[in-house]
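So the structure is just underneath, and the comments pick up after that.
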Amino acid sequence: ELAEDLAARGHRVTVLAGWPSHPRGALFPGWRSALRDVRREGERLTVIRCGHSFGPRRRMFWRLHHHFTFALTSFWNGLSVRPFDVLVCASTPIFGCWTARLLAALKGSAFVYDISDLRPEALRSAGMLGDGLVYRTMLADDTQLCHWSDAITTLSTNLQRAICARGIDAAKVRVIP
């Protein structure tokens, strides 16, 4: 919806997306996957579907494998996109955020980090991670992405406060309900 709204306001928008496979990890019926599929959705909106692994994502290894393969193919596909002013990246998956940040830097564009959930903290609260090395590494990586962002958008003042509590400049964090 965000992409459609921006295109309706006159912006040229390109979306790098995976193939529909959530939550089961299987490609939806009627779809055929490829490493790259480009479709124009009107005069100002282009959707580039990027290849990634498929399979059940109940185990952390397979979930990470899925995110990692998408990060690689979205970066590769993003290199072919004409120059752009702003790259907006959803906060999950984290590998994709790192490659999106690198892509924005290579293209000389602003990087907006859209955080709908604080992934490391959410995984810890759900009991999927303890307070060990993996949690601390994910938290440090996510915080570094926040520092490197030109702007951060989030859904609530509670998330805004939690992001700022990591030492992020409040001036760069905007709530978009």
Identify the heavy atoms of [X] and [Y] that sit nearest to each other, and give their distance.
X      : Y      : result
Leu45  : Ala7   : CB-CB, 4.2 Å
Asp150 : Ala110 : OD2-CA, 3.2 Å
Trp98  : Asp141 : CZ2-O, 3.5 Å
Ala100 : Cys89  : CB-SG, 3.8 Å
Asp85  : Ser109 : O-CB, 3.3 Å
Gly96  : Ala71  : N-CB, 3.6 Å

Check whether any side-chain heavy atom of [X] sits under 4.5 Å from a side-chain heavy atom of [Y], and report yes or no.
X      : Y      : answer
Val81  : Ile48  : yes
Ser74  : Thr99  : yes
Val173 : Tyr113 : no

Residues sharing Val86's hydrophobic cluster, by side-chain heavy-atom contacts under 4.5 Å among ILVMFWY, directly or via others?
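Once heavy-atom contacts under 4.5 Å are chained together, Val86 belongs with Val88, Val112.
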Does Leu35 sit in a hydrophobic cluster with other residues, and if so which ones, taking ILVMFWY side chains as linked at heavy-atom separations under 4.5 Å, directly or through other members?
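Direct or chained contacts put Leu35 with none.
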Among residues two or more places apart or on two chains, list those pairs meeting salt bridge (charged side-chain N to carboxylate O under 4.0 Å, His left out) that have a residue in [range].
range            : answer
residues 100-123 : Glu121-Arg166
residues 25-37   : Asp37-Arg39
residues 154-164 : none

I'd like to know if the side chain of Thr69 reaches the main chain of Ser53, judged simply by a donor and an acceptor atom lying under 3.5 Å from each other, with no hydrogens or angles considered.
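Yes, because the side chain of Thr69 sits within donor-acceptor range (under 3.5 Å) of the backbone of Ser53.
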Within the side chain of Ser149, is there an N or O that forms a donor-acceptor pair under 3.5 Å with the backbone of Ile152?
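No; zero donor-acceptor contacts below 3.5 Å.
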Using the rule that two of Ile, Leu, Val, Met, Phe, Trp, Tyr join whenever any of their side-chain heavy atoms come within less than 4.5 Å, decide whether [X] and [Y] are in one cluster.
X     : Y      : result
Val13 : Leu2   : yes
Val38 : Val15  : no
Leu6  : Leu155 : no
Phe84 : Leu79  : yes

Is the number of heavy atoms from other residues, nucleotides or ligands under 6.0 Å of Asp5 CG greater than 12?
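Count over threshold, so yes.
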Set of residues satisfying salt bridge (charged side-chain N to carboxylate O under 4.0 Å, His left out) with respect to Asp131, sequence neighbours excluded:
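Residues passing salt bridge (charged side-chain N to carboxylate O under 4.0 Å, His left out) with Asp131: Arg124.
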Side chain to side chain contact (heavy atoms under 4.5 Å, CB included) with Arg9: which residues, sequence neighbours excluded?
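Expected list: His11.
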Spacing of [X] atom [atom1] and [Y] atom [atom2] [to the nearest 0.5 Å]:
X      : Y      : atom1 : atom2 : value
Leu159 : Ile163 : CG    : CD1   : 5.5 Å
Cys146 : Ile168 : SG    : CD1   : 4.5 Å
Leu87  : Leu16  : CG    : CG    : 7.5 Å
Trp31  : Trp19  : CH2   : CH2   : 6.5 Å
Trp148 : Thr143 : CH2   : OG1   : 12.0 Å
Phe70  : Arg49  : CZ    : CZ    : 9.5 Å

Could you walk me through whether Leu123 and Met138 satisfy the side chain to side chain contact (heavy atoms under 4.5 Å, CB included) test, starting with their C-alpha distance in whole Å, then the side-chain angles of each, then the deciding distance to 0.1 Å, before giving a yes or no?
CA-CA 10 Å; Leu123 291 172; Met138 287 179 70; 3.6 Å; yes
Apply ring-ring contact (aromatic ring centres under 6.0 Å, His included) to His147 and list each qualifying residue two or more places apart in sequence or on a separate chain.
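Result, ring-ring contact (aromatic ring centres under 6.0 Å, His included) vs His147: none returned.
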Please name all residues satisfying ring-ring contact (aromatic ring centres under 6.0 Å, His included) with Trp76, sequence neighbours left out, ordered by chain then number.
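With neighbours one apart ignored, the set is empty.
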Sort and list the pairs that fulfil ring-ring contact (aromatic ring centres under 6.0 Å, His included) and have at least one residue in residues 123-144, not counting sequence neighbours.
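Every candidate ring-ring contact (aromatic ring centres under 6.0 Å, His included) pair involving residues 123-144 fails, so no pair, neighbours aside, qualifies.
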Applying ring-ring contact (aromatic ring centres under 6.0 Å, His included) as the test, list every pair that has at least one member in residues 114-133; sequence neighbours left out.
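Found none.
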Starting from the C-alpha separation in whole Å, work towards a yes-or-no answer on side chain to side chain contact (heavy atoms under 4.5 Å, CB included) for Thr46 and Glu41.
CA-CA 6 Å; Thr46 303; Glu41 306 283 334; over 6 Å; no
If you look only at pairs with a residue in residues 167-177, which of them pass as a side-chain hydrogen bond (donor to acceptor under 3.5 Å, both in side chains), with sequence neighbours excluded?
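Of all non-adjacent pairs touching residues 167-177, none passes side-chain hydrogen bond (donor to acceptor under 3.5 Å, both in side chains).
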Could you tell me whether His52 and Phe54 have their ring centroids closer than 6.0 angstrom?
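Ring-ring flag for His52/Phe54: true, centres closer than 6.0 Å.
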